[in-house]
Number of protein chains: 2
Amino acid sequence: MERERTRLPPSRRFLPNSGGQATWPPGFSWFGTDPDCREHGGLIPPIQMSACDTCIVRNRAICAGLEDPEIAALSTMGRRRAVTAGEPLIWEDDASLLVANVIEGVLKLTTSTADGREQIVGVAYPSDFIGRPFGQTSAASVVALTDARVCVFSRNDFDRYAREHPELEHKLLERTLAELDRTRAWMMLLGRKNASEKIATFLLDMSERLAETGCAPHPGPAKRFTLPFSRQQVADVLGLTIETVSRQLTKLKSDGVVALPTRRDVEILDRGALVTLAG
Amino acid sequence: MERERTRLPPSRRFLPNSGGQATWPPGFSWFGTDPDCREHGGLIPPIQMSACDTCIVRNRAICAGLEDPEIAALSTMGRRRAVTAGEPLIWEDDASLLVANVIEGVLKLTTSTADGREQIVGVAYPSDFIGRPFGQTSAASVVALTDARVCVFSRNDFDRYAREHPELEHKLLERTLAELDRTRAWMMLLGRKNASEKIATFLLDMSERLAETGCAPHPGPAKRFTLPFSRQQVADVLGLTIETVSRQLTKLKSDGVVALPTRRDVEILDRGALVTLAG
DNA sequence: CGCCGCATTTGATTTCAATCAAGGATTGCG
DNA sequence: CGCAATCCTTGATTGAAATCAAATGCGGCG
């Protein structure tokens, strides 16, 4: 999709993988390709077979720790859905009709002005919860950045179920509080950091978020990773223009702080320098 | 406090009402001065007399709707505390030791960089909940903007109590989700709006937030209100400098959009113009 | 393999807000 | 009442990032 710097409101048509929205690199997996890397390992599935039993985020999403009958109940309410890169799942200001768990892939949460400026206000990774429970409308759009799979629930069903299951609500509360902390840290970046600090902070954040596979006990920040963002999307995360993002990255490359083997790949050569720059 | 644009980290000493931190204007009340304006009106207090029974935010804070024995239990855990303007209640990155309900007054939530730049990431009004439950550290400092009264709980006590009272956790979840929505809307402002749009959005937001007395059924946005912020603090909310805030306000005044009778008072003369400017 | 479409980079220029620097206006206090 | 402190406003200048404009080169496809 040609990035609009025009003043046109973003249309709602779905352009499947339009305009070079990169599909996820072949062979890449958010969970690693090691077949042993399964959190519920070789355990025999419980009595009732359901999609949840084989769910790769089963032990990290809000479903984690629920008893089998509860999982079974949830399982009947939810359904798997594939979302291709660039495809929207939820629209800003629309009635909040569905909520979901991310199983695989990455999605962006965005808000837009009437004249088409966009700000990415959140990024959802596997096991993250998306959507607005207990509310009439959604404050942000949710659009897939990569091909993704999600486990969707009707918001009404979910709300009702959650109110009857305090343990689930508690997990949701913990997640929401953590997300609020992250969001507030990002406000500092948007309001008070300059372009080079923003880029450095962003790269460090990415190296941490993209390393969280949930498999290795503590993988630590990734030294090398593949961005789920185009340059324009990086700009939309940081409140910058695409040109400024490009120039800052070029500078980091020529200073030997990072290597940029492809458009989407980043290798951190001097983490210390990034930490210093991040302020 | 002389606003630091120096690169010194903010010190932690408490400067009571220092540097012209305005105390709340005499006679001003966040709840209106009409004596009939009490949400539980002339009802006879229940059996057990406690501070909660006369609490002015009793029916708006997360305590609302709790049964009497539960209120009694909470009441024994919490204690009232006065916080004078400029006084900190919680420090960024410190262990999360306490949480609180705001009874009266306004507090700011801030994050700071090592070199002393500050961003206000939230504002707490009466009936709002502050602090970080279910977490080890607090991501933001909390400092009173005006003389304030809060109802404080030990975080440990609160966490334990909340986990046993799903209804309380549900209220906290609803609040946290709403706060996350507001925060994300503010990210759009910080990342994508220009100075004049920021100021217009800010004034409209203030006129709504400061009108919420909880007394009149639907008071609507206030036409005239008193800012709980100094110019520097407005700048810290909007990610601007004090000079830019001043210039933008002067412009709105000379354009006849607002009147600024005192440093802290704002009267909106042309709401439509503000809405247009807010974008 | 070579071409085409776009995303990205790079360069030139502009502009908006930050910075630097005084000069007023409130407020509180002696 | 007058002074001091400091908050706020206003002006001049700078500067960082946006904008405008044009190459460049990657990636997909025939």
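Protein chains get the first letters and strands the later ones, always in sequence-line order, with residue 1 at the start of each.
Between A/Glu179 and B/Arg184, at least one side-chain nitrogen of the basic residue sits less than 4.0 Å from a carboxylate oxygen of the acidic one, meeting the salt-bridge criterion.
Between A/Gln232 atom CD and A/Thr241 atom OG1 the span is 8.0 Å, to the nearest 0.5 Å. Between B/Phe225 atom CZ and B/Arg209 atom CZ the span is 12.5 Å, to the nearest 0.5 Å.
In this model, no donor atom of one side chain and acceptor atom of the other lie less than 3.5 Å apart for B/Lys251 and B/Ser196. Counted by atom type alone, A/Asp265 and A/Thr226 present one or more donor-acceptor pairs between their side chains at under 3.5 Å.
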Polar atom pairs between nucleotides 8-11 of chain D and protein, under 3.5 Å, N or O only, would you list them?
from	atom 1	to	atom 2	distance (Å)
D/dC8	OP2	B/Arg231	N	3.2
D/dT9	OP1	B/Arg231	NH2	3.3
D/dT9	OP2	B/Arg231	NE	2.8
D/dT9	OP2	B/Ser246	OG	2.8
D/dT9	O5'	B/Ser246	OG	3.0
D/dT10	OP2	B/Thr250	OG1	2.8
D/dG11	N7	B/Arg247	NH1	2.9
D/dG11	O6	B/Arg247	NH2	3.4

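Side-chain atoms of A/Arg224 never come within 3.5 Å of backbone atoms of A/Glu267 as a donor-acceptor pair (strictly under, hydrogens ignored). When atom types are taken as modelled, the side chain of A/Arg117 and the backbone of B/Arg192 share a donor-acceptor pair closer than 3.5 angstrom.
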Go through the steps for B/Leu277 and B/Leu252 under the test side chain to side chain contact (heavy atoms under 4.5 Å, CB included), then give the verdict.
CA-CA 10 Å; B/Leu277 284 170; B/Leu252 287 180; 3.6 Å; yes
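Rounded to a whole Å, the CZ atom of A/Arg192 is 11 Å from the C1' atom of C/dA18. The distance from atom NZ of B/Lys193 to atom P of C/dA17 is 14 Å, rounded to the nearest whole Å.
Along DNA chain D, the nucleotide nearest to A/Asn194 and the one nearest to A/Thr262 differ in position, and the one closer to the 5' end is contacted by A/Asn194.
A rotation axis mapping the C1' atoms of four pairs onto the next four is fitted at both ends of the helix from C/dC1-D/dG30 to C/dG30-D/dC1 over five pairs, and the angle between these axes is 40° to 10 degrees.
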